[in-house]
Structure formats: structure tokens, C-alpha cells
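Here's the structure we're looking at; comments come further down.
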Amino acid sequence: MALSSVPDDFMLDVHDLAAIILYEHSRSETLLPNSQLVEINRGVTSPVTLPSHVFAVDWHAAQVVGQKGVAYILKKNSDASERITVDTFASPDGVKIPGGHELTRREIEDVFWRCKTFNNGYVLGYVAQRVFDSLPHTARLRARTSAKHEVVCRPSEVTVAEIDILAKEASLIVDYEPRPDLGEGQLGMSQHLSGFGGESTPWVFLLLGEPKSEDMEVDPRVVLDLVVSQIGGRGGGGEVFALERAFDYHRKVLPKVANELEKYVLSHKIILAEDGMRIRAEQLVAAVMDRVRRIASGEDDFCRYCGKDEVTAQCSKCKKARFCSSCHVLGWKYHKTWCT
């Protein structure tokens with residue numbers, strides 16, 4: 001990968017990078033590219049879109065034992081000419097929800113990213129790691145949190161951390177599509193489950209910076225968790241990822257949505273053994289690095305909240321950061337901390 005357009009003294013903002021990685025991932029993921037949200041069900045009432053007997057056995061078992069869970073019912077359109085985005089994720093016919101209230105933009109984002117990041121923790125962590133490795137060794141990473149904590153480090157000062165967690169809310173994604181070619185009333189369907197039956201989930205995040213102390217309250221390192229949205233979480237600044245000082249991540253962010261089952265284990269690199277997964281990840285690395293090179297050349301017209309490029313609206317205060325019209329309110333909680 002050519003690095004000629006990334007200067008040796010380049011400073012990469014990790015918060016910006018995280019938004020860009022997720023945006024580019026949403027444009028290329030293959031699990032749910034053409035599916036729209038039609039219903040949210042939490043097991044209190046019977047689903048409306050589909051009969052509950054088609055739901056996975058684990059869903060019904062969870063209802064019996066009283067485990068907290070949520071089902072997202074998506075309708076797939078294989079003939080769609082354009083990929084579904086967060087703006088088009090909610091069905092134009094409305095999303096069926098007990099109580100009938102209309103979803104807010106933030107609530108739609110929560111479901112969208114919970115679906116898009118499903119089972120992608122290692123892939124997205126690998127992408128971030130490869131981007132860091134592709135930078136000149138003299139470049140710097142700048143990680144700024146919503147709590148006004150900042151770490152600047154070399155790309156080589158990044159460590160992989162792995163842990164088992166237990167999500168506080170199990171989730172079921174039901175993706176269905178009418179299949180009249182198979183007969184009247186027939187459906188094509190796939191189901192994706194997480195956190196049922198007390199099953200732990202392998203979790204991975206990156207630690208940025210040089211370790212200064214074994215005491216988490218003193219250690220300045222910053223956690224980058226690109227898939228906290230998979231278990232219903234957000235960062236301290238309202239982001240759909242987490243970029244937090246390690247102490248804040250483990251004491252304030254992750255505990256809202258999951259329990260840690262053990263102390264995390266550190267390693268040097270994420271290795272993707274499956275060829276198909278690695279190929280998809282490398283394609284995403286290439287797309288993200290193209291964006292990074294454009295930033296290095298001065299093209300910074302991207303939304304600081306969602307990562308979309310070619311955005312024209314600027315922050316009215318600093319006149320530098322750009323935001324989509326639908327993102328500036330949600331992005332302000334973080335941006336106000338560093339807006340100059």
C-alpha cells in the first residue's frame with residue numbers, strides 16, 4: 001500500500017477514523033445490505049409482522065426464564081437498486097412498536113448499528129489495526145475523549161485486548177423476504193442471535209498509548225471499541241462507537257450494557273484466519289486508507305459524527321468541523337468538548 005501521500009508527520013485523529021471506518025463498513029457489509037426495519041419486539045406482546053413460532057428456539061426459551069431480550073424484524077428486498085443506509089433503514093410504511101410511538105433518529109441509529117456491527121468486532125478491530133500499521137512510523141495518533149482526556153501516541157503503541165462479556169440484553173435479528181417463487185405465503189429467512197441462554201460473547205477492543213501504570217485509575221491509555229453498538233451501547237459523547245479512557249470505558253460505558261466475566265488479555269495483533277473474512281477486511285482497509293490519504297492532503301469535508309464524505313455544512317462556532325444536517329445535534333455532545 002503506497003504511503004507517499006501520507007506525510008511523515010501526519011497526525012490521525014482516532015475519533016474521526018472510527019466514524020470513517022463504520023461509515024465505509026456500512027457501505028460494504030454483506031449480511032444485511034438491503035434490509036429495512038419493520039418491527040421491534042421485546043417479548044411483552046406478540047409480534048405483528050411475523051408469527052412468533054418462526055422465531056429461533058432460544059428466543060422462546062428466554063421468554064420462559066425471563067431473560068431480557070429484543071427482536072428486530074427486518075424485511076429484505078433483494079431487488080433493491082441501492083444499499084440501505086441509516087436514512088432509509090426504517091420502513092417507509094412505519095416501524096411497528098408496542099405503544100406505537102415514532103422512532104427518533106437516535107433510536108433508528110441504535111438499531112441500524114446494532115445490526116450492522118453484528119459479529120464484526122474482530123473484523124473492524126483488524127481494519128483499525130491495519131490502518132495504523134499502514135501509516136509512517138513517525139506519524140502520530142491522537143485520541144480525544146468526550147471527557148476531555150487526550151492521548152497522542154505512535155501507531156506502534158497500540159495493543160489488542162480481548163475479554164468475554166455477558167450482554168445485559170440478548171438480541172435477535174430476523175431478516176425475512178417474501179418468496180412467491182417458492183409458493184404462496186412462503187418466506188426466505190435468516191436469524192442472527194447474540195447473548196441468549198447466558199452465553200458469553202468474545203469481545204475485542206484496542207488500547208491506544210503507552211502503559212504508565214497497572215492501576216486503571218492512573219493509566220492514561222484510551223480504549224477504541226468499534227462495536228459497542230452491537231450490544232446496545234454508545235460512547236460517552238453519544239457516538240455509536242466508544243473512544244474512552246480505559247477507566248471510563250470499564251467503569252462507565254461497558255457496564256451499562258454488559259458484564260465483564262474476566263480480566264482482559266492483551267495481545268499484539270488481530271489475525272483473521274478465515275480467508276473470506278480477511279479478504280473483506282482488506283477491501284475495507286483499502287477504502288479507509290483512501291479516505292485517510294485524502295484527509296492528509298487537506299480534503300477534510302467529512303461529517304465528524306457519521307463519517308460521510310463530501311459534506312458542506314460547517315460548525316457555526318469553529319467553522320472547521322463539518323456535519324450532516326441530521327448529525328449536528330447528535331454530534332455536538334462530543335464536538336463541544338474540543339470545538340475551538
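Note that these values count all heavy atoms, side chains included, but never hydrogens, waters or copies made by symmetry.
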Problem set entry | Under 3.5 Å: donor-acceptor pair, side chain of His335, backbone of Tyr305 | no
Exercise. So does Glu282 pair up with Arg278, basic N to acidic O under 4.0 Å?
Worked result: no
For this session: Would you confirm whether Arg280, through its side chain, and Thr30, through its main-chain N or O, come within 3.5 Å as a donor-acceptor pair?
Result: no
Exercise. Side chain of Arg83, backbone of Glu29: donor and acceptor closer than 3.5 Å?
Worked result: yes
Problem set entry | Backbone N/O of Asn119 and side chain of Gln230: donor-acceptor pair under 3.5 Å | yes
Problem set entry | Phe112 six-ring face occupied by Arg114 cation (under 6.0 Å, within 45°) | no
Problem set entry | Leu187, CG: over 12 other non-hydrogen atoms inside 6.0 angstrom | yes
Exercise. Is the backbone of Ser146 close enough, under 3.5 Å, to the side chain of Thr337 for a donor and an acceptor to pair up by distance?
Worked result: yes
For this session: In sequence, state the C-alpha distance, the side-chain angles, and the governing distance for Ile295 and Phe302, and then conclude on side chain to side chain contact (heavy atoms under 4.5 Å, CB included).
Result: CA-CA 9 Å; Ile295 293 171; Phe302 61 93; 3.7 Å; yes
For this session: Can you establish whether the number of heavy atoms outside Glu199 located under 6.0 Å from its atom CD is more than 12?
Result: no
For this session: Run the salt-bridge test on Lys212 and Glu210 with the 4.0 Å N-O cut-off and return the result as yes or no.
Result: yes
Exercise. Going by atom types only, do Glu274 and Tyr122 share a side-chain donor-acceptor pair under 3.5 Å?
Worked result: no
Problem set entry | Residue pair Leu124 / Leu22, side-chain heavy-atom distance below 4.5 Å | yes
For this session: Mark yes when over 12 heavy atoms from residues, nucleotides or ligands other than Lys75 sit less than 6.0 Å from its NZ; otherwise mark no.
Result: no
For this session: Just grab all the salt bridge (Lys or Arg N to Asp or Glu O under 4.0 Å) pairs involving residues 254-264, residues at least two apart or on different chains.
Result: none
For this session: Tell me, with the steps shown, if Leu135 and Val292 meet side chain to side chain contact (heavy atoms under 4.5 Å, CB included).
Result: CA-CA 10 Å; Leu135 297 175; Val292 169; 4.2 Å; yes
For this session: Would you mind reporting whether Val54 and Tyr176 have side-chain heavy atoms less than 4.5 Å apart?
Result: no
Problem set entry | Mutual orientation of the aromatic rings belonging to His250 and Phe205 [parallel < 30°, tilted 30-60°, perpendicular > 60°] | perpendicular
Exercise. Less than 4.5 Å apart, any side-chain heavy atom of Val240 and any of Arg234?
Worked result: yes
Exercise. If only atom types and distance count, is the side chain of Glu169 paired as donor or acceptor with the main-chain N or O of Val70 below 3.5 Å?
Worked result: no
Exercise. For residues Ser28 and Gln283, is any side-chain donor paired with an opposing acceptor at under 3.5 Å?
Worked result: no
For this session: Look only at the side chain of Lys116 and the backbone of Tyr23, and say whether a donor-acceptor pair between them is shorter than 3.5 Å.
Result: no
Exercise. So, Glu24 and Arg27, do they make that salt bridge, N to O below 4.0 Å?
Worked result: yes
For this session: For a salt bridge (charged side-chain N to carboxylate O under 4.0 Å, His left out) with Glu150, tell me which candidate from Arg144, Arg221, Arg140, Arg245 qualifies.
Result: Arg144
Problem set entry | pair Phe118-Ser194: side-chain heavy atoms closer than 4.5 Å | yes
Problem set entry | Salt bridge Lys269-Asp133, side-chain N to carboxylate O under 4.0 Å | yes
Exercise. Do the side chains of Ser26 and Val86 get nearer than 4.5 Å, heavy atoms only?
Worked result: no
Exercise. Quick check: are there more than 12 heavy atoms from other residues, nucleotides or ligands sitting under 6.0 Å from NE2 of His137?
Worked result: no
Exercise. Which pairs pass side chain to side chain donor-acceptor pair (under 3.5 Å) with one or both residues in residues 57-67, sequence neighbours excluded?
Worked result: none
Problem set entry | Result of checking His149, Lys252, Glu239 against Glu244 for side-chain contact (heavy atoms from CB on, under 4.5 Å) | Glu239
Exercise. Is there side-chain contact between Val160 and Leu206, with at least one heavy-atom pair below 4.5 Å?
Worked result: yes
